[in-house]
Amino acid sequence: MAEKKKGRLTKVLDYLKHDDPFSKGVAFCPGCGLELLLRFIPRVLGNDIVITGTPSCSAPVLLGQNNQSWHTLSYFGTLMTGAAANATGLVRYYRKAGIDNTVVCFNGDGTANDIGFGNLSGAAERNEPFIYICYDNEGYMNTGIQKSGTTPFGATTTTTPYGTVSRGKNLRRMNLGLKMAMNKIPYTATATLSDLDDLARKLLKAKEAKERGFCFLHVFAPCPTGWGADPADTIEICRQAVKTNYFPLWEAENGRIRMTKTVKKPKPVNTYTKLMKKFNHMTEADHVILQDDVDYEYCLLGGLSVLEAECQLPVSVKDQGETS
Amino acid sequence: MSSNRYFKHQGPWSDAADPLMCTDTGDWRTKRPVVDKEKCIFCGFCAIYCPIGVMVMQGDTHFEADLDFCKGCGICAKECPKGAIIMISEGEFVS
């Protein structure tokens with residue numbers, strides 16, 4: 001056993017410089033993508049961050065129960081309608097008190113995309129210096145799997161069930177990351193859990209960029225319970241989501257989009273949908289609609305990234321982008 | 001334990017000296033990850049992808065799950081590039 005293979009350890013472990021602030025046994029479902037993300041963030045960014053969050057799957061753990069807590073971080077629980085506004089208040093207090101601190105606003109897609117979108121876009125407009133992380137599990141999972149704005153076409157939820165009348169969600173999903181990138185904030189990125197190297201780099205980049213203003217991270221975090229997937233498949237789902245271009249990985253600095261991972265031969269979207277039960281009922285025709293939607297979004301993103309690289313922005317616009 | 005240098009004291013409702021809450025999540029497990037020490041190439045993928053972070057490094061030879069808290073989701077077995085981790089039903093271990 002002594003002549004074992006040293007130096008082959010994955011590079012991701014180098015990013016995990018800090019202690020895990022959470023206690024070992026935390027009440028998340030087995031295979032929860034959120035738990036992996038939640039433990040990952042303070043281990044990369046450091047334990048001196050302040051997290052603000054809303055009622056969501058993360059709240060029972062982050063907020064603690066009775067008079068005890070599950071972790072040693074500082075947490076500020078807010079309402080879903082005012083997540084980014086409360087984080088703004090914290091940031092302004094720290095600035096006034098002269099404290100150099102990182103505020104992380106950690107919300108689900110329901111808060112970020114639906115209920116709290118008003119003050120999210122307000123904070124983006126005012127360019128408040130904090131990091132907003134949205135973990136996207138494509139629905140209101142904590143309250144019983146209702147559909148949200150980011151639920152994809154065809155997905156079954158308790159409010160868009162599959163039956164004689166309804167065939168899953170009949171609307172397309174919204175692209176939250178792109179919406180935020182269009183605000184020309186200092187840093188926007190999408191990340192997922194299969195590519196932790198990429199996620200850690202983006203987190204550190206966001207911590208740097210938050211000196212210049214608002215940072216937004218859109219993280220794809222599967223929910224095995226809500227999606228009817230095998231808990232063991234959590235990482236595989238993330239991987240297939242990237243490989244089918246269902247959830248492309250990109251980053252945008254001052255609105256300039258750059259793909260961080262390009263897939264040479266994207267797989268058809270049914271290699272992703274067959275991994276979970278929420279797409280079980282989908283026919284060929286349904287898949288065509290979903291595939292078209294995925295292709296459309298990817299083309300748009302690809303076009304934007306090429307445009308940003310090729311087009312010569314006026315000098316004044318460039319300066320504004322870099323100084324704001 | 002806390003490395004928070006900004007807040008000297010907590011609110012009146014909490015005490016920083018209190019031990020953290022901890023659930024016995026090992027109880028939930030129906031399948032147990034068993035690591036084949038010979039096959040393990042010490043890449044660390046099971047440790048980074050484990051949502052709970054229970055895969056503990058054993059020297060520099062292999063990883064072993066902390067069975068007090070492992071929820072038995074099976075991500076480590078799925079992500080192991082060498083197939084060195086297999087999930088065995090808990091019933092096998094009942095004596």
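Protein chains get the first letters and strands the later ones, always in sequence-line order, with residue 1 at the start of each. These numbers come from the heavy atoms of this one structure, side chains and all, not from hydrogens, waters or symmetry mates.
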> With distance as the sole test, does A:Lys24 use its side chain to make a donor-acceptor pair with the main-chain N or O of B:Cys70 at under 3.5 Å?
Replying inline: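 It does not hold such a pair.
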
>> Donor-acceptor pair, distance only, cut-off 3.5 Å: does the side chain of A:Ser23 make one with the backbone of B:Met21?
In response: yes

If every non-hydrogen atom of [X] is compared with every non-hydrogen atom of [Y], which pair is closest and at what distance?
X	Y	value
A:Leu9	B:Phe63	CD2-CZ, 4.0 Å
B:Leu20	A:Phe22	CD1-C, 4.4 Å
B:Cys73	A:Gly31	CB-N, 3.4 Å
A:Phe28	B:Trp28	O-CZ3, 3.0 Å
A:Leu36	B:Ile48	CD1-O, 3.4 Å
B:Pro51	A:Cys32	CB-O, 3.7 Å

Region of [X] that comes under 4.5 Å of a non-hydrogen atom in chain B:
X	result
A:Leu193	backbone
A:His71	backbone
A:Arg239	side chain

> Looking at A:Pro231, A:Gly64, A:Ser69, which has the largest count of heavy-atom pairs under 4.5 Å with chain B?
Replying inline: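 Ranked by contacts with chain B, first place is A:Ser69.
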
> Of the backbone (N, CA, C, O) and the side chain (C-beta and beyond), which part of B:Met57 lies under 4.5 Å from a heavy atom of chain A, both, or neither?
Replying inline: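 B:Met57 touches chain A through side-chain heavy atoms alone.
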
> Is A:Asp233 paired with B:Lys78 through a side-chain N to carboxylate O contact shorter than 4.0 Å?
Replying inline: yes

Working to the nearest 0.5 angstrom, can you tell me the gap between [X] [atom1] and [Y] [atom2]?
X	Y	atom1	atom2	answer
A:Leu196	B:Phe45	CG	CZ	9.5 Å
B:Glu79	A:Ser194	CD	OG	8.5 Å
A:Asp20	B:Ile52	CG	CD1	11.0 Å

>> Is it the case that atom NZ in A:Lys210 sees more than 12 heavy atoms from other parts of the structure closer than 6.0 Å?
In response: yes

> Are any non-hydrogen side-chain atoms of B:Thr25 and A:Val26 less than 4.5 angstrom apart?
Replying inline: no

